[in-house]
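Encoded as structure tokens, the structure appears first; notes follow it.
We use all heavy atoms of the structure for the numbers below, so side chains are in, but hydrogens, waters and symmetry mates are not.
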Amino acid sequence: MVALYAVVMDTITTYTGLSPAAFFTILALMCVVYKTVCSMFVDPEPPEDLKNKLINSSAAASAATAANFSNQTVIPETVPLGDVTEHELRAYDGSDPNKPLLMAIKGQIYDVSRSRMFYGPGGPYAMFAGRDASRALALMSFDPQDLTGNIEGLSDSELEVLQDWEYKFMEKYVKVGQIVSEQTSKPTKNGDKVPENQNHDGAEAQ
């Protein structure tokens, strides 16, 4: 045992050039520095009782926030909208809290009022509200130029992504109408709309 100790001491002196006492002193200092630096970047584990208090406090805060949101946010009743143009759809982007929050996919309009925290003003997907966001959803894009129902040129995989989005909306939200082109209908003198292929006398154009 004494011989082994002597060999270790000689090895330390040979390879480090330090005396054994200086070597172990430096090693101890390095351990202290390592512990100090680690404690600066890693939070110490809180006591179990404090951890439970933090969890309970967080849960209570979340419940209070949800209750407050529920009390302050009145979701307008879903009402069938029928045929509207893209320009008319923009009035339902959430800027008017008295109107439902609508969004279209592939020309089909859905009421997304129940997800106002996502699609309403300030939400992560607010730019999609009041628009046909088919192309943006297919491309997973937040580029304003992709906020269109034009899906020409999309690849098969992108069309599959869009189809998945459509299925999700069909399952979760109520369909309230569909987008029609500006030329599909035109107003008459009394403000009603008639199909473009009818003449002013109400007869079908030949």
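What you find for Gly122 and Ala126 is that their closest heavy atoms are N-CB, 4.2 Å. Contact between Ile179 and Ala104 at its shortest, heavy atoms only, is CD1-CB, 3.7 Å. Listed here is the closest heavy atom pair of Gly94 and Pro121: O-CG, 3.4 Å.
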Apply side chain to side chain contact (heavy atoms under 4.5 Å, CB included) to residues Arg131 and Leu89 and explain how you reach the verdict. CA-CA 7 Å; Arg131 308 291 291 267; Leu89 179 61; 5.6 Å; no

Check the pair Trp165 / Glu160 against side chain to side chain contact (heavy atoms under 4.5 Å, CB included), numbers first and verdict last. CA-CA 9 Å; Trp165 275 106; Glu160 288 181 5; over 6 Å; no

Quick one: do Met103 and Ile109 satisfy side chain to side chain contact (heavy atoms under 4.5 Å, CB included)? Show the steps, please. CA-CA 6 Å; Met103 177 180 163; Ile109 303 172; over 6 Å; no

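Annotation: side-chain hydrogen bond (donor to acceptor under 3.5 Å, both in side chains) contacts of Tyr173 (sequence neighbours excluded): Ser115. In this structure Gln108 satisfies the side-chain hydrogen bond (donor to acceptor under 3.5 Å, both in side chains) test together with Lys175, sequence neighbours excluded.
Using modelled atom types, one finds no donor on one side chain facing an acceptor on the other under 3.5 Å when comparing Asn150 with Thr148. Counted by atom type alone, Asp143 and Ser141 present zero donor-acceptor pairs between their side chains at under 3.5 Å.
Heavy-atom neighbours of Tyr167 OH from other residues, nucleotides or ligands within 6.0 Å: at or below the threshold of 12.
Rounded to the nearest 0.5 Å, atoms OH (Tyr125) and CE (Met117) are 13.0 Å apart. Separation of atoms CZ (Phe118) and CZ (Phe128) is listed at 13.5 Å; rounding is to 0.5 Å. The distance from atom OH of Tyr92 to atom CG of Asp111, rounded to the nearest 0.5 Å, is 10.5 Å. In this structure, Leu147 CG and Arg90 CZ are separated by 9.0 Å, a value rounded to the nearest 0.5 Å. A distance of 12.5 Å separates CG in Asp156 from CD in Gln163, rounded to the nearest 0.5 Å. Going from atom CD of Glu166 over to atom CG of Leu162 covers 6.5 Å, rounded to the nearest 0.5 Å.
Residues Lys168 and Ile105 have side chains not in contact (no heavy-atom distance under 4.5 Å, counting atoms from C-beta outward). You'll find the side chain of Arg135 reaches within 4.5 Å of the side chain of Leu154, heavy atoms only. Using a 4.5 Å cut-off on side-chain heavy atoms (C-beta onward), Tyr110 and Val176 make no contact.
When atom types are taken as modelled, the side chain of Glu88 and the backbone of Thr85 share a donor-acceptor pair closer than 3.5 angstrom. With hydrogens and angles disregarded, no donor-acceptor distance shorter than 3.5 Å links the side chain of Asp93 to the backbone of Ala129.
Using cut-offs of 30° and 60° for the angle between ring planes, the Phe169 and Tyr119 rings count as perpendicular.
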